[in-house]
Amino acid sequence: METDETDHVLPFQLQFDKPVASQVKIAEWNPEKDLLAMVTEDSKILLHRFNWQRLWTISPGRNITSLCWRPDGKAIAVGLEDGTISLHDVENGKLLRSLKSHTVAVVCLNWEEEGQLIRDDSKTSSSYEDRTSRFFPPAPRVPRMPGVVSGDTSFMEDSEDSYGELSNSSYQRFNILCSGDKDGSICFSIFGIFPIGKININRFSVPTPFMDKQTPRQISNSSIYKVSLSKDLCRLIVMCSGELNENTESRESQMVGQGMHSLVLDTSIFSKRKSELHQLAQQASNIEDLTEVIRASLSVMCKQWSDAMRTFLEKFDSLSTLIIDHALDSSPQEEFLSLLGGARTSSAVHQFLVNSLGEVGVKRVLKVICGTAKELQRIVLDHLQPAAEIIGFRMGELRGLSRWRARYHGIGLDEMLINNATEKCGMILVQIERFMRVLSTVEQQFSNFFNWLLKCIKLLMQEPSDQLLPYNSELVVIFLKFLYDQDPVKQLLEVDHDIEVDLETMQRVKELVQFGGFSDCEYLQRTLAKEFQQMEDSFKEAFLMPFTTVSRKMLYEDLLALFPLPSSSASVSMAIPMSISSYEDASNAVSSHQTCQHSFVDYVCFQVPDEPFSDIANCIGIMRGFAHDLSSSKNGCTSLEAVLLYVPAGYECVDLSLYKDSQIVLLLNGASASSESSGDACMMIVQASELPFISISRSTNLNSWNLSQLKGSAVQLQMENEKVRNIPHSVIAPLAVSASRGVACVFAARKRALVYILEEDEEVPDTE
């Protein structure tokens, strides 16, 4: 820790100066705990305590492009280059869920929580209680593949229930995970696990109604830099690059070059319908988890039964070889039937039973097949059937909600689609019952057949057979005709197999349909695996409707062209330091323009590129009130304000972050610093709310707001500011700031991490 300066000159207290093994490209503090998540250049995720103790390291195996914490700090979302978003447990880094919401790199993530518990005492809202626990035991877990040790597969251990605990805690408060990709798409997921909407900013025109005119604007070839959902979930601010087009009355498009733009999206459906969306997301996400249990159960069952039957075939295929070697014109079944009928035993069968198979071989194969059948029955009773029953109950709950059209039609809960999915849940239970009957029958047939074989072997070897279990000759005949070279259990576990049903049975099913309760006449022709596939497809279709409906209700409210981008950085994502946040507005200056419960004012902070603005080089731009400016303008006023900050001479901005109470933390490098030199850098806190903001007049002209207009009121930052800390290193992005803990982590170019307490009176986190 540095001690060469007096206390009153040090507004920041250096806690640690630690080396890092690899350069860090992304860093985020946990919002609830003293934990720092970092992403290295080689795409490893490191989790450190405040005292720099490393808790775990994971490597997804793909390039990591973004990262953010869940609001309660219990999970972390990771955006990958292939468009996948993975959720990891804070305790051990375990993968909890993966979502493939995008097709290209996820460049930014924002996870926002609604400020109040999901409970409303007003008469227009309904309270909700998950009643599943009243009628069912805890939901089954994914079965574990036998013979696999922990960590070899993605299956959970029986002792692990981390995902269940996390998902339950996430339902305490309604939250939305927003993700943006480099092609302009933004996806929304409730609790980070249930996709509820997707939009693309390249496909919509943004009306800007000012001065009694409407001039639609459209962005093309856009790439998203940052997204930020307001704390009341009513609006989303998007920072993106792209080409801005204006459609004039003459239907000609005026194109402005590549630039940085700020958009506002109306996401008030999340706030207005949070109770309905909460219920839908909870039921649907639980159904998805249980669907995964069924899928894994079927996979494990199919593998186990295939392995057991492979053991049977390996032993009995040698009989066919012996029959050919002995020049016999018969099949193994015919030879066994002759033996059963009391005819003379052929030399091939005698050699097979006495020498090849033997008593030990019969008992081993019998143990494998019967043991596997018992294991399959256990999986059905402990995993598959309970999962299907809970799914049926939850779909029944959704079916009841879908009939409340006044509340749930607005979020796309379609009664007909839910009814179809509910019927499929019932059919899967019917198929499970049939599978259990078939499995039990097959097990009995195999057991009877092997008991007969043991009797035959004893007789051929002239040994006593009084202690052997009895057998049924008729069942042996049935086994040899229908089960010896066929596998009805495997057929039920395959998707691409049709079951033959006689016409009389089909006619009886059609007669039963007339009584109501179900409408599917062909379910007996489908296997268990095929029925599961159809059930899963019905779920996707039913839940796609809310996704589409909510997507259509997220509208573009406003667009503001910030500044043109230099050609050198137009295609470089995340190269421009920027930060977005919102704070509760104590003055309620914008509350009259809001339809949501709370009053918040948004701040957008960004570095202004030097190339297009030679007269205002080395500046930081700050604007506030943009999210509510459209509503204000309709009432004849404006809430958009802006100010420019000149970075102190000799310094350049490396990164910046909005801090609590509308403060901005700036990370500055000496202009002469390089990665090879020790460097001269500093960290500075600026109170943004006290800056001389000026109101910005809006019009339909694309060039109405020029940053140069703010030059006359720009503020020159002084190094004599009392909240400045010199850093004896050349620093690089990222700057990680924790508003809840009052700490910041700065990374030096020489692979070092420096952790600071931002305020003198801030309580130092426990380093134990």
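Between K231 and E112, some side-chain heavy-atom pair lies under the 4.5 Å cut-off. Two residues are said to be in side-chain contact when any heavy atoms from C-beta on lie closer than 4.5 Å; D414 and H409 fail this criterion. The shortest side-chain heavy-atom distance between V238 and L265 falls under the 4.5 Å cut-off. The side-chain heavy atoms of L560 and F626, taken from C-beta on, include a pair separated by under 4.5 Å. Contact of the I176 side chain with the W111 side chain is not registered, since no non-hydrogen atoms from C-beta on lie closer than 4.5 Å. Looking only at side-chain heavy atoms (C-beta outward), M623 and L640 come within less than 4.5 Å of each other. A heavy-atom distance below 4.5 Å is not found between the side chains of N175 and L177. V604 has its side chain out of reach of R624: every pair of non-hydrogen atoms, C-beta onward, lies at least 4.5 Å apart.
Salt-bridge formation is not detected for the pair E81/K182: no Lys NZ or Arg NE/NH1/NH2 atom is positioned less than 4.0 Å from an Asp or Glu carboxylate oxygen. Salt bridge present: E557 and R235 bring a charged side-chain N and a carboxylate O closer than 4.0 Å.
A donor-acceptor pair is defined here as one N or O able to donate and one able to accept, closer than 3.5 Å; no such pair exists between the side chain of S189 and the backbone of I193. Remark: side-chain polar atoms of D537 are not paired, donor with acceptor, to backbone N or O of K540 under 3.5 angstrom. For the pair Q663 (side chain) and K660 (backbone), a donor-acceptor distance under 3.5 Å is present. Between the side chain of K553 and the backbone N or O of T548 there is no donor-acceptor pair closer than 3.5 Å. A donor-acceptor contact shorter than 3.5 Å links the side chain of T65 to the backbone of V106. Although no hydrogens or angles enter the test, the distance criterion places no donor-acceptor pair under 3.5 Å between the side chain of D266 and the main chain of Y556. No donor-acceptor pair under 3.5 Å is formed between the side chain of Y659 and the backbone N or O of L758. With S551 contributing its side chain and K198 its backbone, the two residues share a donor-acceptor pair below 3.5 Å. D655 places a side-chain N or O within donor-acceptor distance of the main-chain N or O of L735, the cut-off being under 3.5 Å.
S185 and D183 share no donor-acceptor pair across their side chains, judged by distance under 3.5 Å alone. For the residue pair S228/N110, the side-chain donor-acceptor check at 3.5 Å is not satisfied. S271 and D232 are not linked by any side-chain donor-acceptor pair at a separation below 3.5 angstrom, with hydrogens and angles left out of the test. Side-chain contact check for H102 and S179: at least one donor-acceptor pair (N or O, by modelled atom type) lies under 3.5 Å.
When all heavy atoms are compared, the tightest approach of A736 to L36 is CB-CD1, 4.1 Å. In this structure, H88 and L96 approach most closely via the heavy-atom pair C-CD1, 3.9 Å. When all heavy atoms of S579 and L658 are compared, the pair lying nearest together is OG-N, 3.0 Å. Closest heavy-atom contact between P31 and W69: CD-CB, 3.5 Å. Across every non-hydrogen atom of L229 and L236, the tightest pair is N-CD1, 3.5 Å. In plain terms, the two heavy atoms of V24 and P734 that are nearest each other are O-CD, 3.5 Å.
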(request) Take L666 and L717 through the test side chain to side chain contact (heavy atoms under 4.5 Å, CB included) and record every step on the way to the result. (result) CA-CA 11 Å; L666 302 177; L717 297 177; 3.6 Å; yes
(request) Could you walk me through whether I576 and F563 pass side chain to side chain contact (heavy atoms under 4.5 Å, CB included), step by step? (result) CA-CA 12 Å; I576 301 174; F563 50 81; 4.2 Å; yes
(request) Might you work through the side chain to side chain contact (heavy atoms under 4.5 Å, CB included) test for V665 and M683, ending with a clear yes or no? (result) CA-CA 7 Å; V665 181; M683 186 163 49; 3.8 Å; yes
(message) Would R70 and D72 count as a salt bridge (charged side-chain N to carboxylate O under 4.0 Å, His left out) here? Give the steps.
(response) CA-CA 6 Å; R70 201 172 73 177; D72 63 4; 2.7 Å; yes
(request) Give the C-alpha distance, both sets of side-chain angles, the deciding distance and a yes or no for side chain to side chain contact (heavy atoms under 4.5 Å, CB included) between Y225 and V107. (result) CA-CA 7 Å; Y225 277 56; V107 295; over 6 Å; no
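Atom CE in M578 sits 8.5 Å away from atom CZ in F606 (nearest 0.5 Å). With rounding to the nearest 0.5 Å, the separation of CG in D602 from OG in S262 is 8.0 Å. In this structure, the separation between CG on L99 and OG1 on T84 is 9.0 Å, given to the nearest 0.5 Å. With values rounded to the nearest 0.5 angstrom, L645 atom CG is found 11.0 Å from N618 atom CG. Distance check: S223 OG to N202 CG gives 9.5 Å after rounding to the nearest 0.5 Å. A distance of 8.0 Å separates OG of S43 from CD1 of I26, quoted to the nearest 0.5 Å.
In this structure, K44 places its NZ atom where only 12 or fewer heavy-atom neighbours from other residues, nucleotides or ligands lie under 6.0 Å away.
Ring-plane geometry between F194 and F543 is classed as perpendicular, the angle between the planes exceeding 60 degrees on a 0 to 90 degree scale with a lower cut at 30. Aromatic ring pairs are classed by plane angle as parallel below 30°, tilted from 30° to 60° and perpendicular above 60°; the pair F693 and Y603 is perpendicular.
Test T267, L263, V227 against I186 for side-chain contact (heavy atoms from CB on, under 4.5 Å) and you get one pass: V227.
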